[in-house]
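Everything below concerns the one structure shown next.
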Amino acid sequence: QLQLVESGGGLVQAGGSLRLSCAASGRTFSRYLMAWFRQAPGKEREFVSAISWIGGRTLYADSVKGRFTISRDNAKNTVWLQMNSLKPEDTAVYYCAASEAIVIFTTTSRYDYWGQGTQVTVSS
């Protein structure tokens, strides 16, 4: 079992930045594809970004491309999401997820482990 704990959420003004962290424990972190999803009130959970096992491949949703950056440090069992130029529409609960898949998937059903989520609120 892999445990994931997110942190770093909060309230920020539009145009500001936040850095989310996801700390993993319980299994070999480096084996997992890691991703961030988000869920706004009344909406389905949506893909934000993902990073491959050794960080060589990344994928971003069009809505965050150029503003968000995903990274990981396997020695620290941690994945980060740097969020810049935040917009009110980025407001959501952000979830860290892990998958044993080799290919980067954007659907929630392909991810095996989830964190509890961290709230990000962007005010206009």
Side-chain angles (χ1 to χ4, degrees):
Q1 191 79 1
L2 184 71
Q3 289 82 40
L4 303 173
V5 179
E6 302 96 334
S7 61
L11 174 63
V12 64
Q13 288 188 332
S17 299
L18 282 175
R19 190 191 196 202
L20 304 184
S21 299
C22 173
S25 62
R27 285 197 170 181
T28 305
F29 175 74
S30 60
R31 293 180 51 197
Y32 291 89
L33 166 69
M34 300 299 298
W36 289 94
F37 286 76
R38 67 187 182 186
Q39 188 167 17
K43 295 187 177 181
E44 293 189 351
R45 194 168 297 187
E46 66 174 2
F47 173 81
V48 175
S49 182
I51 187 167
S52 60
W53 295 1
I54 58 172
R57 288 178 290 133
T58 58
L59 183 67
Y60 297 92
D62 288 343
S63 59
V64 306
K65 201 172 294 183
R67 300 187 297 121
F68 291 11
T69 302
I70 191 170
S71 60
R72 68 187 293 166
D73 185 334
N74 289 338
K76 295 181 178 180
N77 290 351
T78 302
V79 60
W80 296 276
L81 185 68
Q82 177 66 44
M83 306 186 295
N84 299 328
S85 302
L86 283 161
K87 304 175 181 179
E89 51 263 44
D90 294 318
T91 295
V93 177
Y94 283 71
Y95 297 90
C96 176
S99 171
E100 296 184 8
I102 297 175
V103 177
I104 294 180
F105 291 99
T106 62
T107 53
T108 57
S109 61
R110 300 307 299 257
Y111 289 83
D112 307 295
Y113 302 100
W114 293 85
Q116 83 289 348
T118 185
Q119 176 71 46
V120 171
T121 303
V122 184
S123 63
S124 58

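It should be emphasised that the depicted structure is a prediction, and the values quoted were computed from it without experimental measurement.
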Sorted by chain and residue number, the side chain to side chain contact (heavy atoms under 4.5 Å, CB included) partners of S30 (sequence neighbours excluded) come out as T28, N74
Whether E6 side chain and C96 backbone form a donor-acceptor pair below 3.5 Å
yes
Across all chains, not counting sequence neighbours, the side chain to side chain contact (heavy atoms under 4.5 Å, CB included) partners of S25 are Q3
Closest non-hydrogen atoms of V79 and S71, given as atom of the first, atom of the second and distance, are CG2-O, 3.0 Å
Shortest non-hydrogen pair, G9 vs T118, comes out as N-OG1, 3.2 Å
Pairs under 3.5 angstrom only: tabulate donor-acceptor contacts from the side chains of residues 31-40 to other protein residues two or more places apart or in another chain.
from	atom 1	to	atom 2	distance (Å)
R38	NE	E46	OE2	2.6
R38	NH1	D90	OD1	2.9
R38	NH1	Y94	OH	2.9
R38	NH2	E46	OE2	3.2
R38	NH2	S63	OG	3.4
Q39	OE1	R45	NE	3.3
Q39	OE1	R45	NH2	3.4
Q39	NE2	K43	O	3.1

Tightest non-hydrogen contact, residues L86 and L18, listed as CD1-N, 3.8 Å
Taken in chain and number order and not counting sequence neighbours, the residues that satisfy side-chain hydrogen bond (donor to acceptor under 3.5 Å, both in side chains) with T121 are Q119
Nearest heavy-atom approach of L81 to S49 is CD1-CB, 4.3 Å
Query raised in the report: side-chain contact (heavy atoms from CB on, under 4.5 Å) between Y95 and V48: does it pass, once the steps are laid out?
Result: CA-CA 9 Å; Y95 297 90; V48 175; over 6 Å; no
By side-chain hydrogen bond (donor to acceptor under 3.5 Å, both in side chains), N84 pairs with (sequence neighbours left out) S17, Q82
Q116 and V5 have their tightest heavy-atom pair at OE1-CA, 3.8 Å
One should read off an interatomic distance between C22 SG and R72 CZ, to the nearest 0.5 angstrom, of 10.0 Å
Residue set satisfying side-chain hydrogen bond (donor to acceptor under 3.5 Å, both in side chains) with S85, at least two apart, ordered chain then number -> none
So the ring-ring contact (aromatic ring centres under 6.0 Å, His included) pairs with at least one residue in residues 59-85 (sequence neighbours excluded) are none
Can you give the donor-acceptor pairs under 3.5 Å from side chains of residues 104-115 to other protein atoms, not counting sequence neighbours?
from	atom 1	to	atom 2	distance (Å)
Y111	OH	F105	O	2.6
D112	OD2	E100	N	3.2
Y113	OH	R27	NH1	3.4

